[in-house]
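Working notes for the structure below.
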Amino acid sequence: MLYVIAYILSLLPFRILFAVSDVLAWLACDVVRYRRSAVRGNLESSFPEKSREEIRKIEKRFYRFLCDYFMETLKLASMSEKKMRRHLKVENIEEINDAVEKGQSVTLYLGHYCNWEWVSSLPLHISSAARCAQIYHPLENKAFDRLLYKLRTRFDANNIPMSEIMQRLVRWKKEGVPTVTGYIADQAPGLNIHLFLDFLNHETGVYTGPERISKFLGAKAVYAHMSRPKRGYYTLRFIPVSGNVKKDKMFETSREYFRLLEENIREAPQYWLWSHRRWKRPRSMFNAFHGDKAEEMLSHL
């Protein structure tokens, strides 16, 4: 029933959906003040060089984009292949297809930047030699989880829970099938991590699982750089991170990913997910949790 409602709403033209988005953005920012303290705090600590006025402008633009993102994601329910290709321009796809045609898997690093949900349409552009997949955390609300699952698999991408990723990738590797797997690796990890780095003016603990999996696969790693030339339209291009992660020093790929992500964010800060409490587990919490073992866990640094 939820999907039927989403589908009916998705039939509305973008201009109407964006008009609704404008109202929702005003409500979220100025009336409900949805996570506004988190948004403002994240922006101020990430860009200490910016004035209060500049921070407020980014904040306003962020709420407008966030509501646009929800409307655009809803639109996935009915968007045709032709329309998706028009609204998401994919450049230099040969970076991916050259690898998979040679039998090499590809790790696609993304951030919560621009409309990451639309990247699930990549199977429209990827060689049929590859299996396309994306990793996700199942939602506690089962109805919304099923809705997002249907939206994310509309263009034949495999939507894989994090708990099943190794099982699935190992099976495809044994079958000799190259994979193109997307990881959104910029969210806040737990305390069992092995790497801190400088990211947006913070000492930041990060996930390194995608790099470890890539080493196992001998994968090529690319960063999915996204931009938004105008409302409802995106451009996606691939920036090489590593030709073969297996040959790189440990965590070299993760460091380069976060460098590229920060560069991307600084181009247009309003398109990153500032409402997420990204730095809720600082290094001090990590040290307190692990005690004497903390330094040993980070001994590679």
Side-chain angles (χ1 to χ4, degrees), residues 42 46-47 90-100 102 104-114 116 119 122 126 130 132-135 162 165-166 169 178-190 192-227 234-269 271-274 276 278-279 281-283 286 297-301:
N42 283 338
S46 297
F47 304 111
V90 178
E91 300 179 349
N92 68 323
I93 193 65
E94 63 275 3
E95 292 283 339
I96 309 295
N97 287 330
D98 286 350
V100 298
K102 295 172 184 175
Q104 185 182 24
S105 290
V106 176
T107 291
L108 185 65
Y109 277 102
L110 301 96
H112 286 94
Y113 188 79
C114 286
W116 59 90
V119 182
L122 262 187
I126 300 294
C132 294
Q134 59 223 5
I135 314 307
M162 183 171 283
I165 181 59
M166 281 306 296
L169 291 178
T179 55
V180 178
T181 309
Y183 299 85
I184 300 182
D186 61 347
Q187 61 268 54
N192 290 313
I193 56 175
H194 300 86
L195 178 65
F196 280 86
L197 45 74
D198 182 55
F199 175 61
L200 288 171
N201 199 45
H202 296 82
E203 188 176 31
T204 306
V206 301
Y207 281 114
T208 56
E211 179 174 345
R212 295 171 185 272
I213 294 172
S214 300
K215 282 185 177 294
F216 167 75
L217 295 173
K220 174 186 179 73
V222 297
Y223 173 66
H225 180 284
M226 293 192 78
S227 57
Y234 296 89
T235 299
L236 172 63
R237 63 183 174 89
F238 305 103
I239 301 177
V241 176
S242 172
N244 188 329
V245 181
K246 195 171 189 176
K247 297 178 180 179
D248 293 339
K249 293 180 181 179
M250 183 61 78
F251 305 139
E252 185 177 336
T253 301
S254 297
R255 292 179 184 277
E256 180 63 6
Y257 157 60
F258 276 94
R259 186 191 71 80
L260 290 168
L261 175 61
E262 177 168 341
E263 197 175 80
N264 201 174
I265 292 169
R266 289 185 179 277
E267 292 170 4
Y271 298 139
W272 195 52
L273 192 60
W274 295 103
H276 179 58
R278 179 60 183 87
W279 295 284
R281 299 187 186 96
R283 178 75 171 266
F286 173 86
M297 292 182 70
L298 304 176
S299 60
H300 58 274
L301 293 176

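- The structure places CG of Asp98 at 10.5 Å from CG of Asn92, a figure rounded to the nearest 0.5 Å.
- When atom types are taken as modelled, the side chain of Asn264 and the backbone of His225 share no donor-acceptor pair closer than 3.5 angstrom.
- Every residue meeting the side-chain contact (heavy atoms from CB on, under 4.5 Å) condition with Gln134, not counting sequence neighbours, appears here in chain and number order: Ser120, Arg152, Ala157, Asn159.
- When all heavy atoms of Ile213 and Met166 are compared, the closest pair comes out as CG1-SD, 3.7 Å.
- Closest heavy-atom contact between Asn201 and Ser46: CB-O, 3.8 Å.
- Here the straight-line distance linking atom CZ of Phe258 with atom OG1 of Thr204 works out to 7.5 Å at 0.5 Å rounding.
- In this structure, Ser242 OG and Glu252 CD are separated by 7.0 Å, a value rounded to the nearest 0.5 Å.
- The nearest pair of heavy atoms linking Leu298 to Leu195 is CD2-N, 3.8 Å.
- The backbone N or O of Ile193 sits nowhere less than 3.5 Å from a side-chain atom of Tyr207 that would complete a donor-acceptor pair.
- A 4.5 Å side-chain heavy-atom check between Gln187 and Leu273 finds every atom pair outside the cut-off.
- For the pair Tyr183/Ile165, a side-chain contact is recorded, criterion being any heavy-atom separation below 4.5 Å from C-beta on.
- Residues Glu95 and Arg237 form no side-chain contact, since every pair of their non-hydrogen atoms from C-beta on lies 4.5 Å or further apart.
- When atom types are taken as modelled, the side chain of Lys215 and the backbone of Val245 share a donor-acceptor pair closer than 3.5 angstrom.
- Taking Phe286 as the reference, Phe196, His290 meet the ring-ring contact (aromatic ring centres under 6.0 Å, His included) condition, with sequence neighbours excluded.
- Between Trp274 and Phe47, the distance separating the two ring centers is shorter than 6.0 angstrom.
- Checking side-chain atoms of His276 against main-chain N and O of Ala188 turns up a donor-acceptor pair under 3.5 Å.
- Leu260 has its side chain within reach of Glu263: a pair of non-hydrogen atoms, C-beta onward, lies under 4.5 Å apart.
- Of the possible donor and acceptor atoms, none in the side chain of Glu256 sits under 3.5 Å from a partner among the backbone N and O of Val241.
- A donor-acceptor contact shorter than 3.5 Å links the side chain of Gln104 to the backbone of Gly218.
- Counted by atom type alone, Asp186 and Tyr113 present zero donor-acceptor pairs between their side chains at under 3.5 Å.
- A pairwise comparison of heavy atoms in Leu197 and Ser254 identifies CD2-O, 4.3 Å as the closest pair.
- Two residues are said to be in side-chain contact when any heavy atoms from C-beta on lie closer than 4.5 Å; Leu261 and Phe199 meet this criterion.
- Closest of all the heavy-atom pairs between Pro189 and Arg278 is CD-NH1, 3.7 Å.
- Between Leu122 atom CG and Cys132 atom SG the span is 6.5 Å, to the nearest 0.5 Å.
- Between His194 and Phe251, the angle of the ring planes stays under 30°, which puts this pair in the parallel group of the 30/60° scheme.
- Of the possible polar contacts, none joining the Thr107 side chain to the Ala221 backbone as a donor-acceptor pair under 3.5 Å is found.
- Across all non-hydrogen atoms, the minimal contact from Ser105 to Thr179 is OG-N, 3.0 Å.
- Atom OH of Tyr257 is separated from atom CG of Leu110 by 7.0 Å, given to the nearest 0.5 angstrom.
- We find the CG-CZ distance between Asp198 and Arg259 to be 13.0 Å, quoted to the nearest 0.5 Å.
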Point to revise | Evaluation steps, side-chain contact (heavy atoms from CB on, under 4.5 Å), between Phe238 and Val106 | key: CA-CA 11 Å; Phe238 305 103; Val106 176; over 6 Å; no
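- Thr253 is listed as a side-chain neighbour of Tyr109, based on a closest heavy-atom distance under 4.5 Å.
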* To do: Output, in order, the C-alpha distance, side-chain angles, deciding distance and verdict of side-chain contact (heavy atoms from CB on, under 4.5 Å) for Leu108 and Thr181.
  => CA-CA 6 Å; Leu108 185 65; Thr181 309; over 6 Å; no
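- Applying the ring-ring contact (aromatic ring centres under 6.0 Å, His included) criterion to Tyr271, with sequence neighbours excluded, gives Phe65.
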